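Data first, discussion second: the structure below is written as C-alpha cells.
These numbers come from a predicted model, not from an experiment. Below, chain A is the first sequence line, B the second, and so on; all start at residue 1.
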Amino acid sequence: MNGEPVVVLLVEDSEDHAELVVRNLHEHNVANRIAHVSDGQAALDYLLRRGDYADPERSPRPHVVLLDLRLPKVDGLEVLRAIKEHPELRSIPVVVLTTSQAERDVAGAYRHHVNSYLVKPVGFDQFCRMMKDLGFYWMGWNVAPHV
Amino acid sequence: MLSLLLVLVELAALVALMVLLHRGSVRFGLVPLFAYLSGLAVLTQATAYVYVIAYEPRISVNSSTLFVPVIMLAVLVLYAIDGTVAARQAVLAIVGLSLLVFFAAAFNQARVRWLGEESLVPLVPGPRGVLNPSSVLVSIIAFTSGLQAVVSAYQFVSNRAPRLASPLAPGVAILAGLWVDALLFSLLHGMPGSDTSWGRVARDLTGKTAAGVLLWPLATAYIARAARRQPQSAVREPRPVFDMLFGLQGRMETDLSRARVDLRQERDLMSRLMATSPVGIVRVDRDGRFAFANDQAGRVLGLARSRLVGRTYDDPAWKITDEAGGTFAPERLPFARVRETVAPVYGVRHAVEWPDGRRAILSVNAAPLLDAGGAFDGMVAIIDDITERRRGEAEREALIHELEARNEALQLQNSLAGHLQRRLGIEAIAEETVAVLIRHSQPPLVAFYVLEEDRATLRLVAAHGFSESERAIGATLPVKGSLSGLAVAQGRLLVAEDLTQDERVFPEMRRALTRRGVKATVVIPLAFGGEMLGTVNLVFDRARTFSPVDLDTFEAIGQTVALALSNARHVAWLEAKNAELERFTYTVSHDLKSPLVTIRGFLGFLVRSARSGDERRLEEDIRRIEAAAGSMERLLNDLLELSRVGRQMNTPQHVPVDAVVREAAALVDGALRARGARVVIAPELPVVYGDRVRLVQVVQNLLDNAIKFSGDATAPRIEIGWRDAGPGSVRVFVRDDGIGIEASHHEKVFGLFDKIDGRSQGTGVGLALVKRIVEAHGGRVWVESAGQGRGSCFWLELPGQATAAGGEG
C-alpha cells in the first residue's frame, strides 16, 4: 500500500446504498478515502477532473471504481465505456456493483472490459461479507498498476 | 379299245370347252351355273345327234325333245338375268358347239369309212346312220331361230304385260322357241330332196310342248330368284331384241342405250350431290369466270347462283383480303395458282369482304380442268366458309392466351408469396417485392412506398431504376396531391396509361419522369383488413393499356405484399411490446430489489446500533428503512396504476380540456402552494374525446412534474394552452420555466423509472403513465426543451376539436 491513501470512487444514485457501502468499507478499514458521486455525469466529471472536480487534491485518481449501472443522466455502462476507452483511465479497475442480475447487463459490462461484476446481496450478512472481501481483494491483495 | 380312246378324247374336248366357258364368265352364282348347264346340254344333245345322224338319217325324237328345251331354258334365264353379257356368251357357246357337232359328224363319217362301222360306239341304242350336212345346217338354223324366239317372246311379254311377266313370260317364251324350232326343223327337212312326214312333225311338236310345259315352273322359279338378286332395270329397260342375229349394230344400240341410262343416273347423282353438298362447288372457266356454282357456293360467296355465274373470280363486288384483313396478293388466289401450275391446290385461306361489311373467311381446294389437248381449261373448286370455325379457333386461342396469362400471374404471386414468407422487416419486404417484380414483369422502374404513421405522407422504402435525383424527389410523397396518395385515399388500383399527361401525378415527379421518357404507371395500393399500408408503383417506358388479367394480377400482387407488410407490422408491434415487457420486468425487479437491499442492510446496522446503544444512528437507520418501505409501496401502487391503463378505461366522452385542467390543478393545489407556483390557463381550451379520469391523471402528472423540476425559481410559472392539429385532432401543451431537459433525454424521460435526476422524488413512473394513457387514446406525447435551465414544454396530441367559440389559445 506504500503508505499512499487508498481512494475509492463510489458511483451510486441511491443514498441509502451508498451509505451501506461506505459504512462497510470504513468498518473494515479498506479505504482511506471514499468519494461518492450519485450520477454518471458526475462520475465522468470526477475522473476527467471537470467542473466541480477540477482540483486534483479534492478529487484524486481512484484506485478502484465501484460503479452502479442504473444511473441518472449518464448510464453506468456508458460511464464504464468512457473509462475503458480513455487511454489514461482504462487501467483503473472498475467493479460493477448493482442490483441487476440481468444477463444483458452482465454481458454489456464485460463487453466494456469491466474488471469485476458484483450483485448486491439482499441479506445484511452477505452484504457485509461481500464488502469486506471486496475491500481486501481490490485494495489488499490486488496489485494495481503504477501510474 | 381304240373306240374307247376316241370317246375319251371327245370327253376331254368337252371338259376343255367347259373350262374355257367357265374362264370366259365374269360372273358367279347362277350365271356360270347356267353357262355350264347350257354347254353340257348342247354338247350332250350334239353328241347324241351326231350318233343318231351317223347311223340313222332320221331325227331322233328323244334327243331333240329332251335337250333342246333345256338349252332354251338356260338361254332364257341368262337373258332374263343379263341381257347382254352372259347371254352373248351362251350364244357364242351354242354357235361354237354347233360347229363342233358339224366337225364331229364329219370326223365320225371319216371313221366309218376308214375303220368300219364297228369303231363307233353308240350312246343311244337305235339304228345307225350317216351324217347329213344339210341336216346339221337345218338343225343349227332351227335351233338358233328358236333361241331368238325365246328371247323375243320374253321381251315382248315383259314389256307389254309387266305385271304378268314373272309367271307368264318364261313359259310363253320357251314354248314359242320350241315351236319355232320344231316347225322350222321339220319344214326345212321337208324341202325338196328330203322326206317330210307330218306325223313326225306333230310328234316333235307334241314332245317339245310337253317338255316346255314341264320346264315352265322351273323357268319361273329361276327367273324370280334371279330377279331378286339382280337389279330390275336389266329386265325393265326396253332394249332391242336379242342382238345375236342383228349383229354389231344391235349390240352398239344396246350399249348406247345403256350408256345413256348410265349417264342420266350419273347426272342425277351429281346434281343431288351438288344440291346437298355442305361446301360450295364451282367451276371456273379458263378466263376466270364462274361457269357453274351450286347453291352452297352462292351462299358462301354471298350471291345468288344466277348472279354468280358469269362473274370473274376476282369480281370487284367483293374485296379479297387475308384472314386478318390485310392484303392478299392476287397471284396467291386459287385460280391464279391452278392456272399457273396446272396442279391442284388445297386449303388456300382468304377472306372475302362485301361492300355492306359482311365478311367471311374461306378455305378453297381447287383442281385444274383440262381440254382434250391437255391444256388448262378452267378449274373446279370446293369452297368452304370457315368463318365460324375460325372464330371458334380465335376464341379458343384468346382463352388459352388468357389462361396462360393468369397462370403466369399466379406464378408471380406464388413466387412473391414464397419470397415474402420469411421476410419480417418492412425494408426486406420492399426490397424483395421490387426484386421479384423486376424479374417477372420487367417494368423499368419500380417504387415501394410505405404510408407513414401520420397518414399524410408516403415514404419511399425501396426502388429500382430511379436516379439519385428522382429518388430524392420521390423520397416522400404527400397523400394529397400525388397519384400514389390518390390510390391510398381511394384504396384502389390506379392506372395512368400516359402519366406525362396525367394531372393526378405528383407534378414534380411528372416533370422528372417526362424528362426520363417514361409513360405508363400503375399504382398498386397495399391494403390489409381495410388498413392502408403503402403502395407499389410500376412505371413503364411506353404508354400502354392493361388487360383485365393484368389488372387482376396487380391486385393480387397488392394483396400478397399487403399481407406480408401487415404481418411485418404486427411482428414489429409484438416485438416492441415484448421489449417493453422485458424492460418492465427488468426495471421492476431492479427497482423493487433496490429498497429491499436498503431495508435489509439498515436492519442489520439497526441490530448493531441497538446492541451498542448508538441511539442517534438507530433513529437515522429507522428513518431510512421507513423511507425505503414507503418508496416500495409507492412503486407498487404506481405499477398497478400503470398496468390498469389500457385495461381499465372509462367510456370515452367529449371532455372540455378546461375542466380537466382545473380538476388536475385542484389535485396538486397543495404542491403548487408549497412551491409558490402559478398555473396560467389559456381561454377557450378545446374539447377532447376520451376517458375523463385518465386525462385528469395526465395533466396532474404533468403539473407534478413541472413543480418537481421547477428548479430554483422563486415563483415558477406553468402555462397551459393548445394548438389545432388538423381535422379531429388537437395539441395541448403544459409549459414550465423549470430546469429543462437536454435534447438527448427527450425520449428517455418517458421510459419507466428513467429519472434524470437521481435525487428527485418520485418513482419514475409518472411520465411513463402519461405516455401510456395518451397512447391508449390514440394520441402521442413529446417534450420540447431548449436545454438545461430553459424550461420544458410537454405536448399532448389527442382526438378532439376546438369549441364552437374557440380560437387558438
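Only the side chain of A:E27 comes within contact range of chain B, with at least one heavy atom under 4.5 Å from a heavy atom of that chain. With a 4.5 Å cut-off on non-hydrogen atoms, B:R608 touches chain A through its side chain but not through its backbone. With a 4.5 Å cut-off on non-hydrogen atoms, A:V119 touches chain B through its side chain but not through its backbone. For a residue to count as touching a neighbouring chain, one of its non-hydrogen atoms must lie under 4.5 Å from one of that chain's; by this rule A:D125 does not touch chain B. Of the atoms belonging to B:L596, heavy atoms from both backbone and side chain fall under 4.5 Å from chain A.
Taking the charged nitrogens against the carboxylate oxygens, A:D16 and B:R624 do have a contact shorter than 4.0 Å, which makes a salt bridge. Salt bridge annotation for A:E19-A:R23: present, with a cationic side-chain nitrogen under 4.0 angstrom from a carboxylate oxygen.
No donor-acceptor pair closer than 3.5 Å links the side chain of A:N24 to the backbone N or O of A:M131.
The distance from atom CG of B:L767 to atom CG of B:L702, rounded to the nearest 0.5 Å, is 6.5 Å.
Interface check for chain A: of the options B:V607, B:D621, B:T598, the most heavy-atom pairs under 4.5 Å are formed by B:T598. When A:Q126, A:Q101, A:R104 are compared by the number of non-hydrogen pairs under 4.5 Å with chain B, A:R104 comes out ahead.
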A:F124 and B:F602: CA distance, side-chain angles, deciding distance, ring pair (Phe, Tyr, Trp, His ring centres under 6.0 Å) verdict: CA-CA 8 Å; A:F124 175 69; B:F602 284 102; 9.1 Å; no

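The cationic group of A:R58 does not satisfy the cation-pi geometry with A:Y53, failing either the under 6.0 Å distance to the six-membered ring centre or the 45° limit from the ring axis.
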